Amino acid sequence: MSMSDLLVETNCACTSLRKTTRSITQFYDRMLRPAGLRCTQLSLLSQISGRGTITFGELGERLLMDQTTVTRNVDNLKKLGYVSITNCENDARKKYITISAAGAQKLAEAAPLWREAHARITQGLGGERYDELMALLSDVERLVE
C-alpha cells in the first residue's frame with residue numbers, strides 16, 4: 001500500500017486540518033477584502049498593535065510562524081505603510097516592529113469585517129460547539145508540541 005493510498009483510506013488529521021485551515025483562511029480573506037487586508041495581515045497587525053512594540057522573534061512565537069515567514073509578511077506591511085521597523089540600540093540583531101497610524105486605521109477598518117466573519121462561524125456552529133472546537137484544537141496543539 002502506498003502513502004497516497006493511506007491518506008485516501010484513512011482519516012488523516014494533518015490532511016483534514018490543512019484543508020480546513022485553507023478553507024477558513026479563504027473565507028476570512030473574502031470577508032476582509034473590502035478593507036484590503038488578508039487574514040494573515042490582520043493577525044500580524046493585531047498582535048503588533050496589542051503589544052505596542054514587538055520583536056520579529058516574539059511575533060513569530062506568538063503566531064507560530066518561522067522567522068522567514070514573519071520577515072516576509074512584516075516587510076509587506078512596512079511597504080504598505082502599516083508598520084515601522086527600528087533597530088534595538090543594545091543588540092543589532094534585534095529589530096522592533098511598531099504599528100503606524102495608517103496601520104491602526106486599517107486595523108480599525110477591518111475589525112467590523114472580522115467580527116462579522118467570526119459571528120458567522122460561531123453562529124453557524126453554535127456557541128457550545130464553537131467552544132468545544134477551540135478546546136479541541138488547543139488539545140491537539142498541546143499533544144503535538
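Worth saying up front: this structure is predicted, and the values here are computed from it rather than measured.
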Q) Given the rule in the side chain to side chain contact (heavy atoms under 4.5 Å, CB included) test, do E61 and E58 qualify, once you have shown the distances and angles that lead to the verdict? A) CA-CA 5 Å; E61 286 176 24; E58 291 168 334; 5.5 Å; no
May I have the list of side-chain donor-acceptor pairs in residues 114-128 shorter than 3.5 Å, sequence neighbours left out?
from, atom 1, to, atom 2, distance (Å)
E116, OE2, R120, NE, 3.0
T122, OG1, H118, O, 3.1
T122, OG1, A119, O, 3.2

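- Applying the side chain to side chain donor-acceptor pair (under 3.5 Å) rule to S49 yields no partners; only residues at least two apart in sequence or on another chain are considered.
- Annotation: side-chain contact (heavy atoms from CB on, under 4.5 Å) contacts of A102 (sequence neighbours excluded): Y82, S100.
- One N or O on the side chain of T25 and one on the backbone of T21 form a donor-acceptor pair closer than 3.5 Å.
- Side chain of S23 to main chain of K19: no donor-acceptor pair is present (N/O by atom type, distance under 3.5 Å, no hydrogens or angles).
- A heavy-atom distance below 4.5 Å is not found between the side chains of T98 and I54.
- In terms of the side-chain contact (heavy atoms from CB on, under 4.5 Å) criterion, residue partners of D75 (sequence neighbours excluded) are, by chain and number, T71, I85.
- One distance of note links CG of L17 with CZ of R22; it measures 10.5 Å at 0.5 Å rounding.
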Identify each donor-acceptor pair in which a side-chain atom of residues 30-38 lies under 3.5 Å from a protein atom, sequence neighbours left out, and give them as a table.
from, atom 1, to, atom 2, distance (Å)
R38, NH2, D29, OD2, 3.1

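- When side chains are defined from C-beta on, L44 counts as touching M65, because their heavy atoms get closer than 4.5 Å.
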Enumerate, atom names and distances included, each donor-acceptor pair closer than 3.5 Å involving a side-chain atom of residues 131-143, sequence neighbours excluded.
from, atom 1, to, atom 2, distance (Å)
S138, OG, M134, O, 3.2
D139, OD1, R142, NH2, 2.5

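- Between T53 and I97, the closest side-chain pair of non-hydrogen atoms is not below 4.5 Å.
- Considering all non-hydrogen atoms of both residues, D66 and T68 come closest at OD1-N, 3.1 Å.
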Q.
Run L63 and V70 through side chain to side chain contact (heavy atoms under 4.5 Å, CB included) and show every step you take.
A. CA-CA 9 Å; L63 294 173; V70 172; over 6 Å; no
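- The shortest distance between side-chain heavy atoms of L77 and Q41 falls below 4.5 Å.
- For the atom pair CD of Q105 and CG of L45, the computed distance is 12.0 Å after rounding to the nearest 0.5 Å.
- Residues T55 and K95 are not in side-chain contact: their nearest non-hydrogen atoms beyond the backbone lie 4.5 Å or more apart.
- Hydrophobic clustering keeps L59 apart from Y96 (ILVMFWY residues linked when any side-chain heavy atoms are closer than 4.5 Å, directly or through intermediates).
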